[in-house]
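Structure first, commentary second.
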Amino acid sequence: LKSRGLGDVYKRQDYRRLVDMVAWIEKHPASNLYPRQLPVSGLDSKWLERRKGLLADLVDAVRGRSTTEGDFFQRCGLKAPPQLIRLRILDDSLRQRVGGLDDISAPCEQLADLDLPVSNVFIVENLQTGLAFDDLPGSIVIMQLGYGVDVLGRLPWAAKAHCVYWGDLDTHGFAILNRARSYLPELKSVLMDEETLQNHQDLWVEEKDQHSAETLPLLTDPEQAVYQAIKCNAWGQNVRLEQERITWGVAWRTLQQAAG
């Protein structure tokens, strides 16, 4: 621990907890338990979340592994909590197929099995944006995936639909769009253009940490131009426009048009 500079960071109880947890995982390398099920004194979710990378590295070191393949759960033989997708169904005829439910949070595997003849799938970066949607025929909106857009490739009904992405106008918004296109190649973007950005200058904020990539290969030429301009500070220092700040009347008309 001292070699990692942790001697001055962790309290004695943190050190004991780390030792106990690594020791337990070493004795039970494939327990397939959820982390909170481990019989380790003082273990709590917030403490674990901040130390997952460290714990996985320590487990690998104890086992003499020279590589670090897999995520924290795989490396420690633990069960990952199911990834929940939150979506809203924007058409009453579709809602009747799921007992009239409008707002659903469920594991990806369960949503993939739904019999939903969806025409339009909207993917929005932020929760409140999705909550603001009114009804649209044949449409659903998926909210707050962040970089977890990988799940889109596991939803058969999404692959058959017209899919639209709307994210923040910043480097990470474009990076998420780029990642999502590797699963939905025909994915369209809306409200992620220079005109939208320039029309809302009074609502710009600063993006704290920009995405590191110089280029994002799956962006269209206009999207790439905006990404590059933001990266190069062409319009100001680390310009960012959060999607919730866009005038809702303008945004909703654009979304309706995107739905055809």
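Since this is a predicted model, take the numbers as computed values, not measurements.
By the neighbour-count criterion of 12 heavy atoms within 6.0 Å, atom CG of Asp202 is densely surrounded, having more than that number from other residues, nucleotides or ligands. For Gln128, the CD atom counts as loosely surrounded, since its 6.0 Å shell holds 12 or fewer non-hydrogen atoms of other residues, nucleotides or ligands. Residue-environment remark: CG (Asp209) stays at or below the threshold of 12 foreign heavy atoms within 6.0 Å. Heavy-atom neighbours of Glu214 CD from other residues, nucleotides or ligands within 6.0 Å: at or below the threshold of 12. Within 6.0 Å of CZ in Arg95 there are more than 12 heavy atoms belonging to other residues, nucleotides or ligands.
Taking the six-membered ring where the residue is Trp, His211 and Tyr147 present parallel rings, their angle staying beneath 30° rather than reaching 60°. In this pair, Phe174 and Tyr227 present their aromatic rings perpendicular. The plane angle is above 60°, beyond the 30 to 60° band.
In this structure, Asn238 contributes its side chain and Glu207 its backbone to a donor-acceptor pair below 3.5 Å. The backbone N or O of Leu218 sits less than 3.5 Å from a side-chain atom of Asn178, completing a donor-acceptor pair. Under the 3.5 Å distance criterion, the side-chain polar atoms of Trp204 are matched with a main-chain donor or acceptor of Leu197. The backbone N or O of Gly173 lies less than 3.5 Å from no partner atom in the side chain of Asp168, so there is not a single donor-acceptor pair.
Looking only at side-chain heavy atoms (C-beta outward), Arg97 and Pro117 come within less than 4.5 Å of each other. Contact check for Val164 versus Ser189: no side-chain heavy atoms found under the 4.5 Å cut-off.
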task: For Trp47 and Asp14, run side chain to side chain donor-acceptor pair (under 3.5 Å): C-alpha distance rounded to whole Å, both residues' side-chain angles, the deciding distance at 0.1 Å, then the answer.
output: CA-CA 9 Å; Trp47 181 90; Asp14 292 320; 3.0 Å; yes

query: Which is it for Glu26 and Arg63 under the salt bridge (Lys or Arg N to Asp or Glu O under 4.0 Å) test, yes or no, and what are the steps along the way?
result: CA-CA 8 Å; Glu26 173 60 15; Arg63 293 175 179 170; 3.4 Å; yes

- prompt: Is there a salt bridge (Lys or Arg N to Asp or Glu O under 4.0 Å) between Arg240 and Glu242 once you walk through the steps?
  reply: CA-CA 6 Å; Arg240 180 184 192 219; Glu242 297 167 300; 3.4 Å; yes

query: side chain to side chain donor-acceptor pair (under 3.5 Å) between Thr129 and Glu244: does it pass, once the steps are laid out?
result: CA-CA 6 Å; Thr129 302; Glu244 302 100 318; 4.7 Å; no

message: Set out, in order, the CA-CA distance, both residues' side-chain angles and the distance that settles salt bridge (Lys or Arg N to Asp or Glu O under 4.0 Å) for Arg36 and Asp44, then state yes or no.
response: CA-CA 7 Å; Arg36 285 297 300 272; Asp44 66 72; over 6 Å; no

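Looking at residues two or more places apart in sequence or on another chain, you find no ring pair (Phe, Tyr, Trp, His ring centres under 6.0 Å) involving His200. The side-chain contact (heavy atoms from CB on, under 4.5 Å) test applied to Ala23 returns no partner, not counting sequence neighbours. Trp235 is linked by a ring pair (Phe, Tyr, Trp, His ring centres under 6.0 Å) to nothing, counting only residues two or more places apart in sequence or in another chain.
Taking CD1 from Ile230 and CG from Leu241, the interatomic distance works out to 9.0 Å, rounded to the nearest 0.5 Å. Atom CD1 of Ile246 sits about 5.0 Å away from atom CG of Leu191, to the nearest 0.5 Å.
Residues Asp193 and Thr196 have side chains that bring a donor and an acceptor to within less than 3.5 angstrom of each other.
The pair Glu49-Lys46 fails the salt-bridge criterion, with no side-chain N (NZ, NE, NH1 or NH2) lying under 4.0 Å from an Asp/Glu carboxylate O.
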